[in-house]
Amino acid sequence: MDLNAYEPDHEDFRALCRTFLEREAVPNHPRWEQEGIIGRELWLAAGKAGLLGLDAPEEDGGAGEPDFRYSGVFIEELVRAGVSAPGFVAHNDLISSYFATRTTPEQRARWLPGLCSGELIAALALTEPDAGSDLSGIRTTATRDGDCYVLNGQKTFITNGENADLVIVAAKTPSARGGSGMTLLVAERGMPGFSRGRRLDKLGWRASDTSELFFDDCRIPAANLLGRENGGMGCLMRGLPRERLCIATVAVATAEKMLAATLDYARERAAFGKPIGSFQHNKFLLATLDTEVTLARVFLNHCTAELNAGRLTVADAAKLKWWTTELQNTVADRCLQLHGGYGYLKESEIARDWANSRVQTIYGGTTEIMKEIVGTALGL
């Protein structure tokens, strides 16, 4: 069975990504993990290499490539290299896509070239201390005052929150009615009333900066309105299938990486005079994981093709997201167990992958929310 959904051009792009990451990211990543933030120099280098804004229009500095498989290749190579993926996924596949498809020509000309060059870094600010999966519960407000919106509120768990120059902020207008009243505004670095809180100390993805954001009578020009007032939820919903496909790509690539490393270890590590992989329990466990990871790759390839064809549904993206991320955590747990004491050392790759895996079932919509979406699609 051929599980490779990629063509020669994609593999050429993979070689470019791999060489770039090995040269520019891998030597510096331990330092970035200690500091809790990826240096801006990597963003500039990625822009120069043509790795940012892959689907953004060429006239705005992007690659103009609608085929998601190129994004998938970059995500897989980030995972392979052990480089924190969330920041680049958020910038490249969530936020740049919003700017490329949900902005006015003036806004695209103002923001996209910088996002594609790496001179500007972007973040999406949805989650609040009391509102995560239930976005209708957000409390940040945006009140129109002349040619500005006055923004007040707090956001948390924001990927790229510290590095970001542009932040898409979800807020409620005075006329808000549930999700229908959500408005998206773009806050820019240096705007009075916009400040950053602490850099959050996370279990995994330690080089990916995650921060609190605060807005205190922050005046956002009406020209920074993304889409239309009170149309934010619809804008976000259109972007969710791609976001969840990205998370699933991380999940499958990480599961494949962990399984391959554990198979090598199980063949080499001996106990009681024979390789630990030859014991029936371990053999059956690895056979089960290999089967499930293969199925995950098949479903991921299918959903990628559906996204490229404009047919990936919210329900199928939810199925993919919850199944692959739960599997990623299962593979991480079982593979760390098979590594024994060595797997529990912070310096081991399986330990880092285990820690990075845990958040996958939480962000982008929890497993429980994904199952709710699937159940609703079944008419339940």
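One hydrophobic cluster, built from ILVMFWY side chains closer than 4.5 Å, holds both M191 and V169. No chain of hydrophobic side-chain contacts below 4.5 Å, direct or via other Ile, Leu, Val, Met, Phe, Trp or Tyr residues, connects V83 to W205. By the rule that hydrophobic residues join a cluster once side-chain heavy atoms approach within less than 4.5 Å of another member, L120 and V167 end up as members of separate clusters. Under the 4.5 Å side-chain heavy-atom criterion for grouping Ile, Leu, Val, Met, Phe, Trp and Tyr, W43 is connected to L51 within one hydrophobic cluster. In terms of hydrophobic clustering, with Ile, Leu, Val, Met, Phe, Trp and Tyr side chains grouped at heavy-atom distances under 4.5 Å, L236 and F99 are assigned to a common cluster.
With hydrogens and angles disregarded, a donor-acceptor distance shorter than 3.5 Å links the side chain of S348 to the backbone of G343. Using a distance-only test at 3.5 Å, with no hydrogens or angles considered, no donor-acceptor pair links the side chain of D55 to the main chain of E65. Put simply, the side chain of S278 gets close to the backbone of P275: a donor and an acceptor are under 3.5 Å apart. No side-chain donor-acceptor contact under 3.5 Å links D216 to the backbone of G193.
Side-chain contact between L285 and L338 is present, with at least one heavy-atom pair separated by less than 4.5 Å. A heavy-atom distance below 4.5 Å is not found between the side chains of R244 and P241. With contacts defined as side-chain heavy-atom distances shorter than 4.5 Å, the pair T210/Y363 does not qualify. T173 places none of its side-chain heavy atoms less than 4.5 Å from the side chain of R144. Residues E188 and W111 form a side-chain contact, since some pair of their non-hydrogen atoms from C-beta on lies under 4.5 Å apart. Taking 4.5 Å as the limit, every side-chain heavy atom of T324 sits out of range of all side-chain heavy atoms of L300.
For E7 and R69, the salt-bridge test passes: some basic side-chain N is under 4.0 Å from an acidic carboxylate O. Ion pairing between R219 and D145 holds under the 4.0 Å rule for side-chain N and carboxylate O. Of the charged side-chain nitrogens involved, none lies within less than 4.0 Å of a carboxylate oxygen, so that R196 and E162 do not count as a salt-bridged pair. The residues R311 and D316 are annotated as not salt-bridged, no charged nitrogen and carboxylate oxygen being separated by less than 4.0 angstrom. K257 has a carboxylate O that lies under 4.0 Å from a charged side-chain N of E349, or vice versa, which qualifies the two as a salt bridge. Salt bridge annotation for E292-R334: absent, with no cationic side-chain nitrogen under 4.0 angstrom from a carboxylate oxygen. Ion pair E119/K48 not flagged as a salt bridge, since none of the NZ, NE, NH1 or NH2 atoms sits closer than 4.0 Å to an Asp/Glu carboxylate oxygen. We find that E268 and K274 are not joined by a salt bridge, their nearest charged nitrogen and carboxylate oxygen being 4.0 Å or further apart. At a threshold of 4.0 Å, the pair R18-E22 does not count as salt-bridged, since none of the basic side-chain nitrogens sits closer than that to a carboxylate oxygen.
Within a 6.0 Å sphere centred on OH of Y344, heavy atoms belonging to other residues, nucleotides or ligands number 12 at most. Counting non-hydrogen atoms of other residues, nucleotides and ligands closer than 6.0 Å to CH2 of W323 gives a total of 12 or fewer. Atom CZ of R139 sits in a sparse spot, with 12 or fewer heavy atoms from other residues, nucleotides or ligands closer than 6.0 Å. For Q280, the CD atom sits in a loose shell: 12 or fewer heavy atoms of surrounding residues, nucleotides or ligands are nearer than 6.0 Å.
Judged by the 6.0 Å and 45° rule, K319 forms no cation-pi pair with F299. Cation-pi geometry between R14 and Y6 is met: under 6.0 angstrom from the ring centre, within 45 degrees of the axis.
One finds the CG atom of D353 at 9.5 Å from the SG atom of C335 (value rounded to the nearest 0.5 Å). One finds the CD1 atom of I38 at 10.0 Å from the CD atom of E41 (value rounded to the nearest 0.5 Å). Note that the CD1 atom of I362 and the CG atom of N329 stand 8.5 Å from one another [nearest 0.5 Å]. Remark: L78 CG to T254 OG1 distance equals 10.0 Å, nearest 0.5 Å. Going from atom OG of S357 over to atom CE of M258 covers 4.0 Å, rounded to the nearest 0.5 Å. Between the OG1 atom of T249 and the CD atom of E76 there is a distance of 7.0 Å, given to the nearest 0.5 Å.
The minimum heavy-atom distance between E128 and T140, with the atom names listed, is OE2-OG1, 2.6 Å. Considering every non-hydrogen atom in both K321 and T325, the closest pair reads O-OG1, 2.7 Å. S96 and L115 make their closest contact through OG-CB, 4.3 Å (heavy atoms, listed as atom of the first residue, atom of the second, distance). V73 and C17 make their closest contact through CG1-SG, 4.4 Å (heavy atoms, listed as atom of the first residue, atom of the second, distance). The two residues L151 and L185 make their nearest non-hydrogen contact at CD1-CD1, 4.2 Å. Listed here is the closest heavy atom pair of L126 and I158: N-CD1, 4.1 Å.
Residues passing the side chain to side chain contact (heavy atoms under 4.5 Å, CB included) test with E212 are Q154, T156, R198, L200, F214, sequence neighbours excluded.
Ring pair F88/F74 is perpendicular by interplanar angle, where above 60° counts as perpendicular and below 30° as parallel. Using the six-membered ring where Trp is involved, H339 and Y265 have ring planes that are parallel, under 30° apart on the 30 and 60° scheme.
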Using distance only, find each side-chain donor-acceptor pair of residues 371-380 under 3.5 Å and give its atom names and separation, not counting sequence neighbours.
unit_1	atom_1	unit_2	atom_2	d
T376	OG1	E372	O	2.9

